[in-house]
Number of protein chains: 2
Amino acid sequence: MTKYESIAAVIKQRIQDNVYQTGTLLPNQSDLASEFGVSRMTINKAINILTMEGFVSSQRGFGTKILNHPLWNKDVSPVNEYRGLSFQMAEQHRQIKSQIISFEVAFPEKKIQERLMLTPQQPVYQIVRLRIVDDDPFILEHTIMPVDLIPNLTDDILKESIYHYIQFDLGLQIAGAYRNIQATRADEFDIKYLQCQPTDPVLEVEQVAYLKNGRPFEYSHSRNRFDKRGYTELDMRN
Amino acid sequence: MTKYESIAAVIKQRIQDNVYQTGTLLPNQSDLASEFGVSRMTINKAINILTMEGFVSSQRGFGTKILNHPLWNKDVSPVNEYRGLSFQMAEQHRQIKSQIISFEVAFPEKKIQERLMLTPQQPVYQIVRLRIVDDDPFILEHTIMPVDLIPNLTDDILKESIYHYIQFDLGLQIAGAYRNIQATRADEFDIKYLQCQPTDPVLEVEQVAYLKNGRPFEYSHSRNRFDKRGYTELDMRN
DNA sequence: AAGTGGTCTAGACCACCGG
DNA sequence: CGGTGGTCTAGACCACTTA
């Protein structure tokens, strides 16, 4: 935990406790620097975090205003992105179960080779999981990962959290992801496992996720029941 | 244009010109600082930009690797977000036309009052536009904006770019937006204007956009033909 | 052990906003 | 005009990777 992260956390807490009130201005950066006993650049970095998370908005020559937007909830925050669905659901006190539909190893097709930067001889895991939240089918996930990068996957890991395994057990650092979100028609799999009607729309999130070392480690299609889940994001800049 | 933005642009150009080659490491930050005659913190900020845009990825103790991911194209870059659809399409040399379906003023309903933080007596514009790209119906946009914040809207502005008007003519600064993306069924409007079939899915992007001063200035629903357009994003962190 | 990027300092200058 | 946040410097220390 760096200084600017700690300070951001403290200020955030003050906003939530109404020590700093919505619609008013934060103390200026110099005063905050004095209070926390750090340089102003460190305060600036802390405020940048709060900006990205939508808590405040700064204007040069004016100050930093405290925002309050009722429709933002925790799972919107970009912070929670890479802890995986398991973590998100736990935080909302919702029960998640993962049913393994299939779990195989194969050589990658051409399209997968391109997306995951693989040769035809590098095997991949092909995983299909049904994520069930509070006993309702929620998301059907088709996931492909290179075996050499994510070795020793087991049923137990798949039933828990792959993301936890990658970051904590393998110690790999996630850089981010490319996503494409589409509306499509339900296919046979969706009808069978998500219990969709044949005429139902499906929200499909196609994702390629990357490690810090530049290698893509996941290519996935998440198919979401249209009446159960949307994709939500908060996109704030300086 | 700040120093770190200029430097980021130069390095980006070198990557695109293969002066710095994909898969190799960037010169270290101290060397770059010497070369550009700036302090290392400035180089660090420049590299942060390139990281967010997906060009490089840094690892402490190792270096900054140059990435190249074939599926990323310009309209994925977060930079182009707030120049509006008109600008994006122009960059891709695609022709965009906007047909005004309706353009009215009214008092806001309860839900709109909440989203846009308005009293019942503050009037709003209610705009419905059909965006036509290369002569095909593309997106049906339902937009609501407070009259006091975005005054003097005209048909001419609506046919061009509202975002250009807000930023350049009114001089307002955009902070960001909250979005929720869903798959839904086509409704009567979609069938009539997007020329959907009644059984077609529709990709709906609900958005509340905010100014730096904290006020929401736009509540919109963009309804996209499912076979014409997806929502794409690149989400990279440090 | 040598080299890397991440953080942090204590200043400074400047662009911008408000009255 | 005074006060604000954005940028920038020339150092420094530290965490981390690779060998």
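Lettering of chains follows the sequences in order, A, B, ..., and the numbering in each one begins at 1. Keep in mind that what you see is a predicted model, and the values were worked out from it rather than measured.
Atom pair B/Ile7:CD1 and D/dC8:C1' shows a separation of 10 Å (rounding to whole Å applied). Between A/Ile47 atom CD1 and D/dG6 atom C1' there is a gap of 12 Å when expressed in whole angstrom units. Atom pair B/Leu25:CG and D/dT18:C1' shows a separation of 12 Å (rounding to whole Å applied). Remark: C1' of D/dT17 and CD of A/Gln173 are 10 Å apart, rounded to the nearest angstrom. Regarding B/Lys45, its NZ atom lies at a distance of 17 Å from the C1' atom of C/dG5, rounded to whole Å. One can place CD1 of A/Ile43 at 15 Å from C1' of D/dG6, the figure rounded to the nearest angstrom. Regarding B/Ile49, its CD1 atom lies at a distance of 12 Å from the C1' atom of D/dT7, rounded to whole Å. One interatomic measurement links the two molecules: CG of B/Asn48 to P of C/dG6, which rounds to 7 Å at whole-angstrom precision.
Looking only at atom types and distance, the side chain of B/Ser58 has a donor-acceptor partner in the side chain of B/Thr64 under 3.5 Å away. There is no side-chain donor-acceptor pair under 3.5 Å between A/Tyr231 and B/Arg179. In this structure, a donor-acceptor pair under 3.5 Å is absent between the side chains of B/Tyr165 and B/Glu160. In this structure, a donor-acceptor pair under 3.5 Å is absent between the side chains of B/Thr24 and B/Gln21.
In this structure, B/Tyr4 reaches the D/dT7 phosphate: one of its side-chain N or O atoms is under 4.0 Å from OP1 or OP2. Taking side-chain N and O atoms only, B/Lys3 has no distance below 4.0 Å to OP1 or OP2 of D/dG6. Between B/Asn44 and C/dG6 there is a side-chain N or O to OP1 or OP2 distance below 4.0 Å. Note on A/Asn28: a side-chain N or O is less than 4.0 Å away from OP1 or OP2 of D/dT4. A close approach under 4.0 Å does occur between a side-chain nitrogen or oxygen of B/Gln29 and OP1 or OP2 of C/dG6.
Across all strands shown, A/Asn238 has no heavy atoms under 4.0 Å from either base or sugar-phosphate atoms.
In the set D/dT7, C/dG5, D/dG5, D/dG5 carries the atom at the smallest distance from any side-chain atom of A/Thr64. With D/dT17, D/dG6, C/dC8 as the choices, the nucleotide that has an atom nearest any side-chain atom of B/Phe62 turns out to be D/dT17. Of the candidate nucleotides D/dG5, C/dG5, C/dC17, D/dG5 has the atom lying nearest to any side-chain atom of A/Arg60.
A/Arg40 is linked by a salt bridge (Lys or Arg N to Asp or Glu O under 4.0 Å) to nothing, counting only residues two or more places apart in sequence or in another chain.
Nearest-nucleotide positions on DNA chain D place A/Gly61 closer to the 5' end than the other of A/Gly61 and B/Thr42.
In summary, of the residues considered (A/Tyr163, A/Tyr125, A/Tyr210), a side-chain hydrogen bond (donor to acceptor under 3.5 Å, both in side chains) with A/Glu218 occurs for A/Tyr163 alone.
In summary, A/Asp17 and A/Lys12 do not engage in a salt bridge, as defined by a charged side-chain N under 4.0 Å from a carboxylate O.
Looking at A/Lys212, its side chain never comes within 3.5 Å of a backbone N or O of B/Gln59 through a donor-acceptor pair.
For the segment residues 30-41 of chain B, residues with any heavy atom less than 4.0 angstrom from an atom of DNA chain D are, sorted by number, B/Gly37, B/Val38, B/Ser39, B/Arg40, B/Met41.
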